[in-house]
Amino acid sequence: KKRNKKDEFTTSIEPVMKLLRWYSYHSTHNHEDAQDLFQNTLLAAYKGWNKFKAGTNIKGWLMTIMKNLFINDYRKSRSPKHRHEIISIS
């Protein structure tokens, strides 16, 4: 029986879910930001699932996605445009 993409993805990531949650909080030190990072990581991984090579290191692949998302969000938050938006909201 052929498994669908969703089932294959879910089964593959299940063993590293706890680690991803921990790493997202460890990176952000904020529960809401950690949840956003966690969900964005899973979404990006699901969208890129066809690029993952079965039998390779899924933990490393997911952690790299999360790290890159965190770095990109950090860079965006430090951009002059974003700082201006924060100031104008205050």
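Computed from heavy atoms alone, side chains included, the values below leave out hydrogens, waters and symmetry copies.
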Enquirer: Quick one, T56 and W61 - any side-chain contact, counting heavy atoms below 4.5 Å?
Expert: no

Enquirer: CG of D36 to CG of L69: how many Å apart, nearest 0.5 Å?
Expert: 11.0 Å

Enquirer: Between atom CD1 of I13 and atom NZ of K59, what is the distance when rounded to the nearest 0.5 Å?
Expert: 15.0 Å

Enquirer: For the atom pair CG (N40) and CG (N72), what is the distance rounded to the nearest 0.5 Å?
Expert: 11.0 Å

Enquirer: Looking only at heavy atoms, what is the nearest atom pair of M63 and L20, with distance?
Expert: SD-CD2, 3.8 Å

Enquirer: Do L19 and F52 sit in the same hydrophobic cluster, where Ile, Leu, Val, Met, Phe, Trp and Tyr count as joined when their side-chain heavy atoms come under 4.5 Å apart?
Expert: yes

Enquirer: Distance check, rounded to the nearest 0.5 Å: T41 atom OG1 versus Q39 atom CD?
Expert: 10.0 Å

Enquirer: Given side chain to side chain contact (heavy atoms under 4.5 Å, CB included), test E8 with W49 step by step and report yes or no.
Expert: CA-CA 9 Å; E8 186 179 295; W49 187 241; 3.0 Å; yes

Enquirer: Are S24 and Q35 close enough, and set up right, to give a side chain to side chain contact (heavy atoms under 4.5 Å, CB included), and what steps lead you there?
Expert: CA-CA 7 Å; S24 66; Q35 186 62 22; over 6 Å; no

Enquirer: Decide whether I71 and M66 are clustered together by the hydrophobic rule: side chain heavy atoms of Ile, Leu, Val, Met, Phe, Trp, Tyr closer than 4.5 Å, transitively.
Expert: no

Enquirer: Look at the aromatic rings of F9 and Y46 and report parallel, tilted or perpendicular, splitting at 30° and 60°.
Expert: perpendicular

Enquirer: Is the H29 ring parallel, tilted or perpendicular to the H26 ring (thresholds 30°, 60°)?
Expert: tilted

Enquirer: Which heavy atom of K47 sits nearest a heavy atom of K5, and at what distance?
Expert: O-NZ, 4.5 Å

Enquirer: Let me check something: do L62 and L43 share a hydrophobic cluster, defined by ILVMFWY side-chain heavy atoms less than 4.5 Å apart, either directly or through other members?
Expert: no

Enquirer: Under a 4.5 Å side-chain heavy-atom rule over Ile, Leu, Val, Met, Phe, Trp and Tyr, are Y25 and L37 clustered together?
Expert: no

Enquirer: Short question: side chain of T10, backbone of D7 - any donor-acceptor pair under 3.5 Å?
Expert: no

